[in-house]
Amino acid sequence: MRIASIEILEFPLCIKNKILRIKDITKLNIEYIAGKNIVFNHSNLGLNEPHKIIISNNTQKIVLLCYDGDTNLYDEELSRTITIAELTNIIECLLKEN
């Protein structure tokens, strides 16, 4: 099966703003990776790759996922939703270890 097209999605500004409101988060490394829509030739199949947010200090990192049109953040395994309060606690731990 061949890929027909890959559409790079624009990273949602509302998610960036939500994350940047967390106190002292700018002291950590933050990388925003835009998601993709992938469509396959001669098929009705497609793939939606989520946006990724990688937050790290010198020793550890956390990868969060979010989908286009969804304001929730998910852990890397998509097993649970990460709230802003949980993310704030994670950020505080990363800052202490930095």
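Keep in mind it's a predicted model, so treat the numbers as computed, not measured.
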Counting only heavy atoms not in Glu10, do more than 12 sit closer than 6.0 Å to its CD atom?
no

Beyond-backbone contact of Leu87 with Ile19, side-chain heavy atoms, under 4.5 angstrom
yes

Verify same cluster id: Tyr67, Ile33 (apolar side-chain graph, 4.5 Å):
yes

Measuring from atom OG1 of Thr81 to atom CG of Leu64, what distance do you get when rounded to the nearest 0.5 angstrom?
11.0 Å

If two hydrophobic side chains count as joined below 4.5 Å and joins carry through other members, does Leu20 share a cluster with Ile55?
yes

Would you say the side chain of Asp68 lies within less than 4.5 Å of the side chain of Asn37, judging by non-hydrogen atoms?
no

Reported CG-to-CD1 distance for the pair Leu73 and Ile84, which is rounded to 0.5 angstrom
5.5 Å

Could you grab the distance from atom CD of Glu7 to atom CD1 of Ile38, nearest 0.5 Å is fine?
11.0 Å

Separation of Ile25 CD1 from Thr88 OG1 (nearest 0.5 Å):
8.0 Å

Does Leu78 belong to the same Ile/Leu/Val/Met/Phe/Trp/Tyr cluster as Ile90, with side-chain heavy atoms less than 4.5 Å apart forming each link?
no

To check you understand the geometry: which heavy-atom pair defines the closest contact between Ile82 and Tyr74, and what is its length?
CG1-C, 4.0 Å

Do Arg80 and Glu86 have side-chain heavy atoms sitting under 4.5 Å apart?
yes

Candidates Leu47, Ile6, Leu9 - the one meeting side-chain contact (heavy atoms from CB on, under 4.5 Å) with Lys36:
Ile6

Sidechain-backbone polar pair: Lys18 side chain, Thr71 backbone, donor-acceptor under 3.5 Å:
yes

Between Ser56 and Leu28, the two heavy atoms sitting closest are O-CB, 3.5 Å

Taking all non-hydrogen atoms of both residues into account, name the closest pair between Asn57 and Leu94 and its distance.
ND2-O, 2.8 Å

Can you name the closest pair of heavy atoms from Leu65 and Glu76 and give their distance?
CD1-O, 3.7 Å

As an exercise, state the distance from CD1 of Ile91 to CD1 of Ile30, rounded to the nearest 0.5 Å.
7.0 Å

Minimal non-hydrogen separation, Asp70 against Ile15, with atom names:
O-CD1, 4.2 Å

Contact check, side chains of Phe11 and Ile53, non-hydrogen atoms, under 4.5 Å:
yes

Non-hydrogen atoms of Asn72 and Cys66 that approach each other most closely:
O-CB, 3.5 Å

